[in-house]
Amino acid sequence: MTDAGVAVETLSLSLGAFRLDAVDFAAARGEILVVLGPNGSGKSVTLETIAGFHRPESGRVWIAGRDVTALPPERRKIGFVVQNFGLFPHLDVEANVALARRGGRNGSGKAALPLSGDPRALLKYFGVAHLARRRPADLSPGEKQRVALARAVAGAPDLFLFDEPFSALDAQTRGELRDELKAFLRELKIPAIFVSHDHSEALTLADKIVVLRGGVMLQSGPTAEIFQKPAAAAVARIVGVENILDGRIAATDGGIAAIAVGDRTLRALAPARFAGPGTPVRLSIRAEDVSIAAPAEASAPAPESEPARNRLDGKILGLRALGALVAIEIDCGLPLKAYLLGPQARAMKLGAGDAVTVEIAGDAIHVMTG
Amino acid sequence: MTDAGVAVETLSLSLGAFRLDAVDFAAARGEILVVLGPNGSGKSVTLETIAGFHRPESGRVWIAGRDVTALPPERRKIGFVVQNFGLFPHLDVEANVALARRGGRNGSGKAALPLSGDPRALLKYFGVAHLARRRPADLSPGEKQRVALARAVAGAPDLFLFDEPFSALDAQTRGELRDELKAFLRELKIPAIFVSHDHSEALTLADKIVVLRGGVMLQSGPTAEIFQKPAAAAVARIVGVENILDGRIAATDGGIAAIAVGDRTLRALAPARFAGPGTPVRLSIRAEDVSIAAPAEASAPAPESEPARNRLDGKILGLRALGALVAIEIDCGLPLKAYLLGPQARAMKLGAGDAVTVEIAGDAIHVMTG
Amino acid sequence: MAWLIAAGSAHAGGERAAPSRPRGLYLLCWFLGSLLTAFLVVPLLALTLSQSWTGFSDVARMADVRDAIVLSLEGAFLSATLAALAGVPLAYGLARTSFPGKGVVEALIDLPLAVPHTVAGIALLMVFGRQGVLGEPLAALVGLKFWGTLAGIVVAMLFVSAPYTVNAARIGFAAVDPRLEKIARTLGLNPWRTFWRITLPLARRGIMTGVTLTYARSISEFGAVVILVYYPMTAPVKIYELFLRFGLDQAASAAVLLLFVSLGLFLILRALSRGAPERENR
Amino acid sequence: MAWLIAAGSAHAGGERAAPSRPRGLYLLCWFLGSLLTAFLVVPLLALTLSQSWTGFSDVARMADVRDAIVLSLEGAFLSATLAALAGVPLAYGLARTSFPGKGVVEALIDLPLAVPHTVAGIALLMVFGRQGVLGEPLAALVGLKFWGTLAGIVVAMLFVSAPYTVNAARIGFAAVDPRLEKIARTLGLNPWRTFWRITLPLARRGIMTGVTLTYARSISEFGAVVILVYYPMTAPVKIYELFLRFGLDQAASAAVLLLFVSLGLFLILRALSRGAPERENR
């Protein structure tokens with residue numbers, strides 16, 4: 001398997017009524033892989049199996065080219081970070097870091113890192129040397145994260161595991177710590193598996209995403225692919241697609257499929273797998289890809305020459321401010337949700353009840369047969 | 001004071017080291033007022049004083065035209081909803097609602113409501129009649145919210161108080177429940193005070209906002225005013241303004257002020273209060289108001305005739321996907337953050353290091369003297 | 001006790017021991033744990049098994065033994081009731097307020113836990129005895145005597161057992177979210193109704209645990225009772241007397257009878273107080 | 001106890017009683033609470049104040065009283081140590097694993113709490129006595145005798161007091177976040193080091209509470225000890241003998257001496273086990 005990365009091969013196990021079924025993925029050195037799924041999807045079980053806390057019924061776990069499936073956690077060389085960062089409350093910051101005294105025997109090719117096993121040096125690297133004598137309870141979330149990383153690095157890990165470390169934090173702190181974590185991980189060049197139920201967290205952090213539900217892997221791939229081309233409606237929902245429509249293929253012509261949704265027809269790139277006319281499909285359209293033309297423009301003739309550009313007339317049902325965005329609900333014969341930036345929406349003077357024309361690029365409509 | 005609303009008059013009290021200082025606000029019938037502030041700002045203390053759990057040192061509380069300052073909580077006619085909704089775990093749903101048996105003596109002018117004091121009818125109104133025999137522990141967050149509302153309404157309240165009911169929920173559920181709550185409150189026409197530390201929650205829910213920090217009221221007013229014209233940098237930070245710049249007034253000409261920020265000059269609407277040249281000011285600019293012109297356009301001559309439109313040349317430092325948005329860090333001599341919709345950013349093919357021209361409308365720059 | 005060790009290892013296998021399972025650590029735990037459990041159970045088992053049915057039923061038919069057991073039950077019942085009536089309010093006050101010297105009050109309440117039983121008896125005799133600080137005036141004024149009466153037995157039992165009710169109920173009250181009480185108030189319930197409808201039911205498990213421990217401690221007390229009130233004899237005193245007068249065998253039959261009564265009620269109360277845990281409202 | 005009521009009302013004023021403050025409820029709590037606290041403290045106070053310094057120092061100079069107190073301390077120390085050695089691992093096993101019949105094991109461990117003390121003595125006599133199931137072979141094979149020895153005293157003390165250590169330590173272990181143990185494992189600590197460095201320190205308060213309660217229960221035990229081992233006399237037995245032979249006064253002097261020793265150590269242990277609470281890592 002991958003040399004300096006992590007790989008999980010057809011991992012299966014049962015825990016009470018829960019079953020994890022043939023989970024299979026890999027991440028290379030320096031990559032961040034996010035396991036995304038709702039509660040109860042088996043994200044944490046997967047992580048803890050990689051860490052060695054559950055014995056799989058079948059499958060293998062490779063870390064940095066070693067088959068660790070039979071090893072106990074203490075010999076897997078893992079940095080494990082959990083919710084609230086899991087610092088030991090009875091030890092001060094330095095003692096937390098000093099607990100892992102494996103710094104000496106460095107793993108595969110990490111000699112390039114500016115890190116020795118010395119707790120003081122590690123704390124300095126993470127910018128928290130001044131906190132060495134403090135107790136975890138006295139630290140801010142940001143300081144806790146840095147100490148937790150310093151402690152994990154002190155164990156000379158070949159892999160980082162993150163079990164929703166930010167889930168107890170407010171939105172703003174979460175965003176800040178996420179950026180900081182990403183920067184550190186880029187610098188440390190150690191592969192990381194991060195578990196989350198929050199698709200925006202996955203979008204910001206992940207190089208690769210594995211979507212899990214009910215112990216089953218629904219899809220895995222690069223982040224952009226998962227978000228733009230979800231394999232099934234279940235994935236689209238998990239990655240937060242705002243518009244998921246039921247339709248039926250009316251015709252396919254070259255790479256373009258005409259899809260009947262209610263009494264409207266949308267043109268989209270045909271799905272990769274063959275699907276003849278009549279096949280029921282689902283469409284995934286991101287709200288930011290639904291663009292709103294000012295009502296005045298609606299009278300302009302649609303440039304029908306552009307093969308896969310959809311124009312629909314509709315009426316605004318309502319607007320809602322969402323921070324920098326305005327969410328607009330539109331009835332075009334089919335229900336659509338669109339996003340605009342606040343100033344754009346204000347400039348267009350949109351209001352509930354207004355007639356608008358909506359445009360959706362054909363390649364922004366993703367056709368799912370699942 | 002207001003007849004069917006709620007009013008707090010110069011409320012002050014000390015609790016240990018904390019002091020709440022002359023808090024003063026009012027909300028009319030059917031209005032939602034959000035008290036926004038960081039942890040420790042006194043939000044919850046304010047709410048609990050209105051509910052009657054702390055005796056103020058000075059000031060009065062009026063609910064529906066009654067001075068309730070001296071009344072115990074049970075005689076104030078308040079519906080109180082807390083984090084996780086605070087259902088009584090030892091009682092089933094119907095018993096939770098039946099506990100408040102004041103439905104008969106309705107308060108001021110709520111006879112129009114389709115609500116009697118009958119628990120069954122209330123549960124039906126909130127769409128949870130089928131859950132009457134269930135225990136709170138078996139309910140979803142959405143069901144809990146509806147039961148909590150039914151229970152609060154059973155007490156025939158003249159005022160709703162919400163103490164961060166959503167803070168333990170994930171982002172998606174939070175958004176859904178927020179919309180639902182707003183719809184119910186609109187229908188019930190009972191004034192509501194909602195405490196939050198989350199400015200996006202405040203933006204979605206509030207008709208009016210009171211910004212609190214360290215027990216002191218920093219600003220109060222209609223939602224749009226608070227978000228667009230924060231009175232001071234502290235408020236701008238609390239309502240999540242992305243760009244807060246230090247500057248100095250160079251000149252004022254009519255309603256337009258020229259403000260020196262570093263070696264650049266920005267033109268903005270002059271502050272309402274007189275501030276002569278040399279006055280140090282702070283600028284608040286929302287990231288969605290920083291619009292990016294494609295690099296090609298940069299060569300076009302700036303229409304200097306437009307008096308308060310700022311154009312700045314700069315370089316992109318980095319881009320970051322944030323759900324539907326892309327956040328763009330730009331160095332224009334001064335650091336700026338801009339938001340674009342994902343498809344817009346992709347269409348412009350922006351990349352780190354690219355030279356761009358940035359435009360900011362003069363009325364999108366808010367000048368703060370505090 | 002082989003079954004205990006077996007249960008431990010069956011478990012390790014049953015849950016698909018991970019490579020992580022600290023086998024050695026758990027084995028030591030189960031070994032030492034089984035030893036201790038055996039040490040606590042074997043004497044009770046040996047005592048029970050030593051009795052033939054005839055000897056046992058002979059003793060069960062002795063009026064003085066039966067009277068002693070009934071007296072013990074009465075005393076323990078009254079002691080637990082009094083502890084609940086005064087201890088539960090005290091526990092609520094300690095859980096819901098803070099004041100200077102609260103730590104001292106809590107320490108004072110714990111003191112009887114470490115008072116040797118015969119010392120407790122002598123201290124109580126000083127206060128409630130024939131020439132006691134309270135015993136003398138109370139007898140003279142209202143005719144309430146603590147020598148040779150159930151009242152004395154209850155006093156001795158209550159002294160050694162009340163701390164359990166206060167401590168367990170305090171923990172029970174402390175676990176009740178004060179926000180639930182606040183919500184009840186806004187719904188129109190006054191402080192008393194809030195206490196009865198919300199606080200008390202939610203602290204039920206802690207209170208029941210306390211009452212159970214107080215009952216158990218009361219019915220088992222010997223030293224304080226034997227000094228303060230020799231007659232009428234409670235069951236533990238009766239058994240001691242049988243042991244001194246007739247030796248082990250006769251005492252053992254009565255001991256088994258008392259053991260069954262005492263443990264039976266204890267296990268019922270214990271099951272009630274453990275009940276279905278009130279699930280958290282999350 | 002007027003100061004207690006005063007403390008309660010001073011508090012109500014000090015915290016600026018809100019219109020919400022359930023005054024009536026708290027007043028009742030403080031009234032009943034003060035009564036109960038007085039009932040627990042007054043006898044100890046009365047006993048202490050009854051002693052003149054001369055009578056007290058006379059008794060303190062009696063070798064047999066001093067020997068009895070030392071023996072009690074030795075016994076309680078050994079009992080608490082044994083309870084910790086076997087009870088802490090058992091508590092860890094109960095807190096960290098689940099298996100069919102776990103509830104039964106927990107009930108078995110609680111049984112001694114409700115066994116009347118003289119019944120416990122008789123049951124222990126059946127096992128550890130001269131003709132006991134274990135007492136006879138152990139004496140014959142390794143010369144370990146439980147009659148007339150410290151070993152017997154420790155056995156009696158341990159039987160009545162071990163459940164406290166198991167229960168308190170179990171609660172202490174249950175409160176330790178298992179994720180902290182998992183993190184320690186990933187940092188390279190094996191199960192044993194994880195237990196010593198992480199689990200045990202974090203469960204320290206629960207364990208110390210258990211040991212304190214076990215010590216207190218051991219030093220105060222009378223009924224089980226007096227039946228299993230009359231000689232050598234522990235302090236509670238000695239006081240009972242003084243009471244029977246010389247009456248209240250002589251017994252009271254010895255009782256005060258034992259009370260001071262017993263409570264002093266208890267309050268120190270109690271303070272240690274309460275210590276600064278390990279703040280939660282949030």
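Throughout, protein chains are lettered first and strands after them, A, B, ... in sequence-line order, and every chain is numbered starting at 1.
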- If you measure from CZ on B:F53 to CD on C:E181, what distance do you get to the nearest 0.5 Å? 9.5 Å
- Message: A quick test of your reading: do over 12 heavy atoms of other residues, nucleotides or ligands sit less than 6.0 Å from NZ of B:K124?
- Response: no
- Contact part of B:A148 toward chain C, heavy-atom cut-off under 4.5 Å: side chain, backbone, both or neither? neither
- Which heavy atom of B:G86 sits nearest a heavy atom of C:L180, and at what distance? O-CD2, 3.2 Å
- Task: Report yes or no: does B:H90 contribute a side-chain atom to a donor-acceptor pair with the main-chain N or O of C:R204 at less than 3.5 Å?
- Result: no
- Are B:P72 and C:R185 side-chain neighbours, meaning at least one heavy-atom pair lies under 4.5 Å? yes
- So which heavy atom on B:F80 is nearest to which on C:K182, and how close? CE2-CB, 4.1 Å
- Message: On a heavy-atom basis, which atom in B:E74 and which in C:L189 lie closest, and how many Å separate them?
- Response: CB-O, 3.5 Å
- Query: Does C:T186 reach the side chain of B:R76, with side-chain heavy atoms less than 4.5 Å apart?
  - Reply: no
- So what's closer than 4.5 Å to chain C heavy atoms on B:E48: side chain, backbone, both or neither? side chain
- Item | Chi angles and distances behind the side chain to side chain contact (heavy atoms under 4.5 Å, CB included) call for C:L187, B:F88 | CA-CA 12 Å; C:L187 290 173; B:F88 302 125; 4.0 Å; yes
- Identify the heavy atoms of B:R151 and C:I183 that sit nearest to each other, and give their distance. NH2-CG2, 3.3 Å
